[in-house]
Structures are given as C-alpha cells and as structure tokens.
Amino acid sequence: MTRKIIIIGAHAAGLDAASAARKTDRSAEITLITKEKKTAYSRCGLPFVLGGHIATFDDLTVFPERFYKMMKLNLLTETTATNIDAKAKTVEIQDKNGNKETLSYDNLVITTGADPFVPPIKGRDKKGIFVVRTIEDGEKINKALETAESAVIIGAGLIGLEVAVACLERGLKTTVVEFLPYVLPVLLDKAMADRVQKMLEEKGMKIIVGKGAEEILGTDKVTGVLVAGETIPADVVVVATGVRANVELAKNAGVELGETKGIKTNLRMETNIKGIYTAGDCAETINLVTRRPTMSQLGTTAVKQAKVAGINAAGGYSTFSGALGSWITRLFDTEIGGTGLTEFMAGRAGIETVSGTIVSKTRADYFPGAFPIRIKLIAEKETTKIIGAQIIGGEEVTQRINALSFAIQNEMTVKELAKAETCYAPPVCETWEPMVLAAEMVLRKLR
Ligand SMILES: Cc1cc2nc3c(=O)[nH]c(=O)nc-3n(C[C@H](O)[C@H](O)[C@H](O)COP(=O)(O)OP(=O)(O)OC[C@H]3O[C@@H](n4cnc5c(N)ncnc54)[C@H](O)[C@@H]3O)c2cc1C
C-alpha cells in the first residue's frame, strides 16, 4: 500500500525531510503544507539582500518549482494545518479562502519552525517597526530603508548585527541596542565580543549594550527609541530579539515538549507519539558537550534533523545524535564564528574550564593581504578535552570552525590538537596554524 507522509511546514526542515523521504521511498505520497506563499528560499540571505550584496529577494530561492514535480511532492501553499488528530492520523487544513479539508497520513513530520519574538516594549505596534523572518518581512524593510535616514536595531545577536550592517551599508545612521552586557551574548565571551563591537563602532555603528529599549516613540509612525532616558532617532526599527518555537499545533495533539519548550524527540527524531516526527526550529536537540537538551535553531541543525526525520518517516532508519551549534557570519570584511560552549555557558553548565586566546595571521607574515586572526579555545580542565572555540579573523574562519567542531565531536584533547599536523603555503596559511597555537596556549595554562 502507498505510504502517506504529511509534512507540516515547507521550509529548510520541511523540504529536506521531503527530499530524504522521497529518496527513501520512491512511491510514497508526500504532501507539504505551508502557511507561506513562497517556499524554499533562504531566510539566511535576507540581510544580504538588504545590504545590496544579493540583487533581489527572488535570488534567494533555493528550490525552483520544477523541484516539486521532479520529486513528486504535493505542495500546498498559503494553507494552514489547524489540527492534528493523532488517534485518527489526520491533519485538518484550511486554505487562504477558508476552505477546510482533512488529510490522512501514515507518518507525519512537524516542521513548523519558529516565529520572531517581540518583547512587550511600549509602543511596539507603531508603523515602521519590523521583524526579519520571511521574504515579505525583507521586502517591507527594504522599502522602508529606501526613504529612511536612521535605524535602530533592537538585539545584537547574529540577525540583529547582520541587519545593522546592511543598514549602515545603505547609508543610514544605525544604532544597535542590546539588553545584555555585550554583543553576540549567547555566542561569544565578553573579551571576544568587545573586539567585534569595536570593529563595528569603527565602521560607524553606534552600539549600546547593557541597556534595554524602554519605549518606541512616535505617534502613528516610529520616530525614535528611548534607551536609558536617551532618545535615539529612528525612521525604522528592526526587532531581532530571538525566536520562539511554533509548538502549539504539536502540543494540542498530545506531542510532548521538552524542558526547553521545544518538541522532545528520540534519536530518530520521533516524538512521544509513534509515527510523528519533527525537525528544525521547533525541535529540541541534545548539546553534544553538556548532553543536555537545547534549542539549536540554526539552518544547519534543521536540515540534519530533517534528513533523519524524513528517512524514518519513509520507513528507513537514521539517527541524529545532537548539535554543537556551530555558527559563522561575516560583518563587513570580518568573519566571526564559533562552535561548542562559550566559557560563560560552560560555567553555567557547571564545567570547569581553561582557555587560551592567540592572535596570528591568516597568511605568511611577508605575503601581501594577510589578515589578523584571533582564536579563543576552551577546554574542560579535568579531561583537557576541547569544548568550545571562537574565532574573529579575516579569512578561512568557516573551515577552522568546522575543524574545531570535528575536534570537539571526536573528543580531542588540547594536547592532541597542539600536536596535530596542518598544511602550509605562504599565500594561504602560516607555518604554525593558528588553531595549533591556540591549543599550545591552553596547554601552557594547564601546566
Ligand atoms: C535573517 C535570518 C538569518 C539566518 N541566518 C542563518 C545562518 O546564517 N545560518 C544558519 O544556520 N541559520 C540561519 N538562520 C536560521 C534558519 O533560517 C532557521 O534555522 C531555519 O529557517 C529553520 O528552518 P525550519 O524549517 O525549521 O523553520 P522555519 O524556517 O521557521 O519554517 C517553518 C515553516 O512552517 C510554516 N508553518 C508553521 N506553522 C504552520 C502551520 N500550522 N501550518 C502550515 N505551515 C506552518 C511557517 O510559516 C514556516 O514557513 C537565519 C534566520 C533568519 C531569520
């Protein structure tokens, strides 16, 4: 009998789940349901369209229409899944015209993702205040930036800073307001974050840390933001204060949530209800260092979880063991990335650490165009295993973060990294690879 698979959500996780399910079961009937009009575009590229690095929002499309035909996927756009009946194995849907239908499934994959969270700041309903999640959000911000002279970005996480850079590149007077004491507070330790802040300030960005946005000012339309008694003029306000997992639909169906309030799964991305799988920003995962539940909410984790969920929903066997939350960005010309735990996060998890930071060059000293690179390496004191890394530097940060992520996943010690063989040629690297120098620095402290 033909296997019926329904996937709720058709974005990074939904599409990868569909693709994996199709490769596992060539004859399954696979239906994707999404509220959105456009599917299969990169949310991650939105700030770079705003900054003018990518010509149009349409360029962000990852899968063209022919993909769905080729993969034999039924795609229902502008359609909302309104209820899951886990006993009857049905999903109720409603299209944009209000038409309702009930679809039956053998296996279900919930990839409902996350929505931006806007804190209850006074005045948050005025015109000119935006979030960044969908292509429509991007288009609205883009239009507003055409006539705006100033912008305030609330939140100095990855998305907030990427959008702030875009605003500055568009010539706007740009201010970032961060409630926590430093930028990228979940991703970097303070000393590293301060470097990023200094670099951004040198480019002309105003950054206020350790203070919250108290009120968004203006009558009908935003005119400014009140921060610690100071009024910062703003024609545009972008709120980038994080996301909340969309779990209501799953919860109402009896799907269990974890301690992070994301959907809890086993290693096969199956929920507590047999035949219901999940993946992406709505799903919990295990942090590979602490072994505790966490919400990764990165595209990389979403597609990996989704592949596993899709294979299993189609009758195959696959597992996902967890994530480190490895990340990377580029702000102006500076690449910044990290993997594993920050020292602050390790401390909160009760892990005693030793860390070392080095500054080196990305090419031989005498080779033109070398960039400075700063690496912070964090090890667990007792085992000397590497548990985290942060890098700020001009080039090749991605592959160094990847290498350090592999090192953490394979439980490498700092001594092993300090002795590791690396390659060298003047135009691309130093004889002493900066990651190895960072490991030596930690070793010295351990002695
Ligand atoms: C501006 C920006 C930049 C980013 N940059 C990066 C980056 O550089 N690197 C990285 O790894 N990650 C990045 N991310 C995060 C990444 O985009 C997300 O992790 C990824 O989109 C998660 O995919 P998902 O499919 O789980 O969820 P989502 O992308 O949230 O998709 C879920 C979909 O389900 C739909 N849906 C929800 N409920 C229902 C329902 N009841 N019925 C029908 N449809 C429903 C939603 O409308 C949505 O289309 C970025 C995100 C943003 C916003």
Side-chain angles (χ1 to χ4, degrees), residues 6-18 31-51 57 60 62 75-84 91-96 103 108-117 130-138 141 153 155 157-166 187 238-240 242-253 262-263 269 278-283 285 295-306 309-310 323-331 335-337 398 401:
I6 292 183
I7 300 170
I8 306 175
H11 216 80
L15 287 162
D16 271 67
T31 303
L32 287 141
I33 301 160
T34 179
K35 284 198 251 191
E36 287 195 68
K37 192 172 176 179
K38 290 185 181 159
T39 58
Y41 62 87
S42 165
R43 302 196 193 286
C44 314
L46 293 170
F48 302 97
V49 181
L50 295 175
F57 287 102
L60 297 180
V62 182
L75 174 67
L76 307 178
T77 56
E78 295 180 273
T79 302
T80 303
T82 51
N83 189 48
I84 300 166
V91 177
E92 282 167 35
I93 60 169
Q94 183 168 4
D95 71 14
K96 62 174 173 174
L103 308 177
L108 177 69
V109 186
I110 300 173
T111 63
T112 44
D115 280 331
F117 168 72
F130 304 95
V131 291
V132 204
R133 186 76 187 174
T134 63
I135 239 171
E136 287 81 7
D137 294 332
I141 298 172
I153 316 300
L158 272 183
I159 295 172
L161 291 187
E162 285 177 358
V163 171
V165 167
L187 303 173
V238 179
V239 183
V243 293
R244 290 286 180 277
N246 289 321
V247 293
E248 283 306 305
L249 187 69
K251 199 172 142 193
N252 293 341
I263 302 174
M269 300 310 300
T278 187
D281 280 9
C282 59
T285 191
M295 292 298 280
S296 170
Q297 296 181 320
L298 284 168
T300 42
T301 307
V303 295
K304 284 195 176 68
Q305 291 178 327
L324 287 174
S326 307
W327 60 277
I328 181 85
T329 189
R330 196 180 69 193
L331 302 175
E335 294 175 14
I336 306 156
T398 307
I401 290 295

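In listed order, ligands and their atoms are each counted from 1. In this chain, numbering begins with 1 at the start of the sequence shown.
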**Prompt:** So which heavy atom in the protein is nearest atom 6 (C) of ligand 1, and how far is it from that ligand atom?
**Reply:** C44 SG, 3.1 Å
**Asked** Nearest protein heavy-atom contact for atom 29 (O) of ligand 1: which residue, which atom, what distance?
**Response** R43 NE, 2.7 Å
**Per-atom contacts, ligand 1 versus T112 - under 4.0 Å to a heavy atom** = 32 (C), 34 (O), 37 (C), 38 (N), 39 (C)
**Message:** How far is atom 30 (O) of ligand 1 from the closest protein heavy atom, and which atom is that?
**Reply:** R133 NH2, 2.8 Å
**Any N/O pair A12/ligand 1 closer than 3.5 Å** = yes
**Asked** Which option, T301, V131, D281, owns the non-hydrogen atom nearest atom 19 (O) of ligand 1?
**Response** D281
**Item:** Side chain to side chain, K37 and K96, heavy atoms closer than 4.5 Å
**Value:** no
**Message:** On a heavy-atom basis, which atom in Q305 and which in G280 lie closest, and how many Å separate them?
**Reply:** OE1-N, 2.8 Å
**Prompt:** P47 to ligand 1: N or O pair under 3.5 Å?
**Reply:** no
**Request:** Give the numbers and elements of all ligand 1 atoms closer than 4.0 Å to a heavy atom of L298.
**Result:** 10 (C), 11 (O), 12 (N), 19 (O)
**Complete:** Near A114 (heavy-atom distance under 4.0 Å), the atoms of ligand 1 are 30 (O)
**Message:** Starting from atom 42 (N) of ligand 1, what is the nearest protein heavy atom, named by residue and atom, and what distance separates them?
**Reply:** A81 N, 2.9 Å
**Request:** Heavy-atom contacts with I33 under 4.0 Å: which atoms of ligand 1 show up? List them by number with element.
**Result:** 43 (C), 44 (N)
**Message:** Which residues pass the side chain to side chain contact (heavy atoms under 4.5 Å, CB included) test with A10, not counting sequence neighbours?
**Reply:** L32, T34, T39, L75
**Asked** Under 3.5 Å, N or O to N or O, is H11 touching ligand 1 that way?
**Response** no
**Message:** Side chains of T329 and E162: any donor to acceptor distance under 3.5 Å?
**Reply:** yes
**Asked** Within the structure, does K35 bring an N/O atom to less than 3.5 angstrom of an N/O atom in ligand 1?
**Response** yes
**Message:** Looking at every non-hydrogen atom in both residues, tell me the closest pair between I7 and G14 and how far apart they are.
**Reply:** CG2-CA, 3.7 Å
**Message:** Any side-chain to backbone donor/acceptor pair from T111 onto A279? Under 3.5 Å, distance only.
**Reply:** no
**Prompt:** Does an N or O anywhere in E36 fall below 3.5 Å from an N or O of ligand 1?
**Reply:** yes
**Request:** Indicate, as side chain, backbone, both or neither, the part of S42 found under 4.0 angstrom from ligand 1 when only non-hydrogen atoms are considered.
**Result:** neither
**Request:** Using modelled atom types only, decide if a donor and an acceptor are shared between the side chain of Q297 and the backbone of D281 within a distance under 3.5 Å.
**Result:** yes
**Fill in**
Note: W327 and I336 closest approach over all heavy atoms is CZ3-O, 3.4 Å
**Fill in**
min-distance protein heavy atom vs atom 51 (C) of ligand 1 -> I159 CD1, 3.8 Å
**Asked** At under 4.0 Å between heavy atoms, which part of T111 makes contact with ligand 1: side chain, backbone, both or neither?
**Response** backbone
**Complete:** Residues A283 and M269: closest non-hydrogen pair is CB-CE, 4.2 Å
**Element-labelled atoms of ligand 1 that are located less than 4.0 Å from some non-hydrogen atom of G280** = 26 (O)
**Asked** What residue and atom, counting heavy atoms only, is the protein's closest point to atom 34 (O) of ligand 1, and at what distance?
**Response** G9 CA, 3.3 Å
**Protein contact of atom 53 (C) of ligand 1 - nearest heavy atom, named by residue and atom, plus distance** = V132 O, 3.4 Å
**Item:** Minimal non-hydrogen separation, R330 against F48, with atom names
**Value:** O-CE2, 4.2 Å
**Prompt:** Does T39 come within less than 4.0 angstrom of ligand 1, counting non-hydrogen atoms of the residue?
**Reply:** no
**ligand 1 N/O within reach of A13 N/O, cut-off under 3.5 Å** = yes
**Prompt:** In terms of atom number and element, which parts of ligand 1 are under 4.0 angstrom from non-hydrogen atoms of T79?
**Reply:** 43 (C)
**Request:** Could you tell me whether A279 and ligand 1 have an N or O pair separated by under 3.5 Å?
**Result:** no
**Item:** For A323 against T301, the heavy-atom pair lying closest together
**Value:** CB-OG1, 4.0 Å
**Request:** Taking only heavy atoms of Q297 into account, list the atoms of ligand 1 that are under 4.0 Å away from them.
**Result:** 19 (O)
**Request:** Without swapping roles, check the side chain of T112 against the backbone of N246 for a donor-acceptor pair under 3.5 Å.
**Result:** yes
**Prompt:** Okay, side chain of H11, backbone of Y41: is any donor-acceptor separation there less than 3.5 Å?
**Reply:** yes
**Item:** Per-atom contacts of ligand 1 with T300, taking only distances under 4.0 Å to non-hydrogen atoms
**Value:** 11 (O)
**Request:** Flag yes if more than 12 heavy atoms outside R133 fall under 6.0 Å of its CZ atom; otherwise flag no.
**Result:** yes
**Prompt:** What residues, two or more places apart in sequence or in another chain, satisfy side chain to side chain contact (heavy atoms under 4.5 Å, CB included) together with F57?
**Reply:** L46, V49, L50, L60, I135, E139, N142
**Asked** If only atom types and distance count, is the side chain of T79 paired as donor or acceptor with the main-chain N or O of I33 below 3.5 Å?
**Response** no
**Asked** Among all protein non-hydrogen atoms, which one is nearest to atom 15 (C) of ligand 1, and what is the separation to 0.1 Å?
**Response** G299 N, 3.9 Å
